[in-house]
Amino acid sequence: QVQLVESGGGLVQAGGSLRLSCAASGSIFSINGMGWYRQAPGKQRELVATISSGGSTDYAGSVKGRFTISRDNAKNTVYLQMNSLKPEDTAVYYCNANMVLTTTRPYAMDYWGKGTLVTVSS
């Protein structure tokens, strides 16, 4: 009915950059906030960055100044530009979107992608 598909993960050396993308598709009526979360091995999932429908952003302290979240509302896509990557950024990155579907309006729900692995080598 609805899908969130992440792409752009991979292996990169410390100090390098990656750009993650997440495209939402399906019976979407509207999208509210979107965001990126990550889960490192043996750790809980944590917030990385969020962006509202109006473009307001928020970041975890550990990535502020290095990561930039953006979105293209026409494409139902959210991006995460990651610069100056560190080994501690290694994790599976998950896309999240709070959406209203055509079949469930006016109610909004959170949806998740399956994740994309980012590995930063030292």
*Asks:* If hydrophobic clusters are built from ILVMFWY residues whose side chains come within less than 4.5 Å, do Ile51 and Ile28 share one?
*Replies:* yes

*Asks:* Name all residues meeting the salt bridge (charged side-chain N to carboxylate O under 4.0 Å, His left out) criterion together with Glu88; count only those two or more places apart in sequence or in a different chain, and write none if there are none.
*Replies:* none

*Asks:* Do Ile69 and Met99 share a hydrophobic cluster (ILVMFWY, side-chain heavy atoms under 4.5 Å, transitive)?
*Replies:* yes

*Asks:* State plainly whether one hydrophobic cluster holds both Tyr59 and Met34, where clusters connect Ile, Leu, Val, Met, Phe, Trp and Tyr through side-chain heavy atoms under 4.5 angstrom apart.
*Replies:* yes

*Asks:* Would you give me the side-chain donor-acceptor pairs under 3.5 Å for residues 5-15, sequence neighbours excluded?
*Replies:*
| unit_1 | atom_1 | unit_2 | atom_2 | d |
| --- | --- | --- | --- | --- |
| Glu6 | OE1 | Lys114 | N | 3.2 |
| Glu6 | OE1 | Gly115 | N | 2.9 |
| Glu6 | OE2 | Cys95 | N | 2.8 |
| Glu6 | OE2 | Gly115 | N | 3.1 |

*Asks:* Give, for atom CG of Asn32 and atom OG1 of Thr50, the distance between the pair rounded to the nearest 0.5 Å.
*Replies:* 12.5 Å

*Asks:* Please write out which residues are connected to Phe29 in a hydrophobic cluster, directly or through intermediates, given that two of Ile, Leu, Val, Met, Phe, Trp, Tyr count as joined at side-chain heavy-atom separations below 4.5 angstrom.
*Replies:* Val100

*Asks:* Is any side-chain heavy atom of Phe67 less than 4.5 Å from a side-chain heavy atom of Asn83?
*Replies:* no

*Asks:* Testing the basics here: between Thr90 and Val120, what is the closest heavy-atom pair and its distance to 0.1 Å?
*Replies:* OG1-N, 2.9 Å

*Asks:* If you look only at distance, which donor and acceptor atoms sit under 3.5 Å apart when one is on a side chain in residues 73-80 and the other is two or more places apart or in another chain?
*Replies:*
| unit_1 | atom_1 | unit_2 | atom_2 | d |
| --- | --- | --- | --- | --- |
| Asn73 | OD1 | Arg71 | NE | 2.7 |
| Asn73 | OD1 | Arg71 | NH2 | 3.3 |
| Thr77 | OG1 | Lys75 | O | 2.8 |

*Asks:* Yes or no on side-chain contact (heavy atoms from CB on, under 4.5 Å) for Val63 and Arg38, after CA distance, side-chain angles and deciding distance?
*Replies:* CA-CA 12 Å; Val63 307; Arg38 67 186 181 187; 3.9 Å; yes

*Asks:* May I ask you to test the Met109-Asn98 pair for a side-chain heavy-atom distance under 4.5 Å?
*Replies:* no

*Asks:* Can you tell me which residue among Trp112, Tyr93, Tyr94 is in a ring pair (Phe, Tyr, Trp, His ring centres under 6.0 Å) with Tyr37?
*Replies:* Trp112

*Asks:* Side-chain contact test, heavy atoms from C-beta onward, threshold under 4.5 Å: evaluate it for Ser70 versus Gln81 and give yes or no.
*Replies:* no

*Asks:* Name all residues meeting the side-chain hydrogen bond (donor to acceptor under 3.5 Å, both in side chains) criterion together with Ser84; count only those two or more places apart in sequence or in a different chain, and write none if there are none.
*Replies:* none

*Asks:* Could you grab the distance from atom CD of Gln3 to atom OG of Ser27, nearest 0.5 Å is fine?
*Replies:* 11.5 Å

*Asks:* Which value, rounded to the nearest 0.5 Å, describes the distance between Trp36 atom CH2 and Met82 atom CE?
*Replies:* 8.0 Å

*Asks:* Can you name the residues that form a salt bridge (charged side-chain N to carboxylate O under 4.0 Å, His left out) with Arg66, not counting sequence neighbours?
*Replies:* Asp89

*Asks:* Does atom CD of Gln39 have more than 12 heavy-atom neighbours, drawn from other residues, nucleotides or ligands, at distances under 6.0 Å?
*Replies:* yes

*Asks:* Answer with yes or no whether the hydrophobic clustering places Val2 together with Ile31; edges join I, L, V, M, F, W, Y residues whose side-chain heavy atoms lie under 4.5 Å apart.
*Replies:* yes

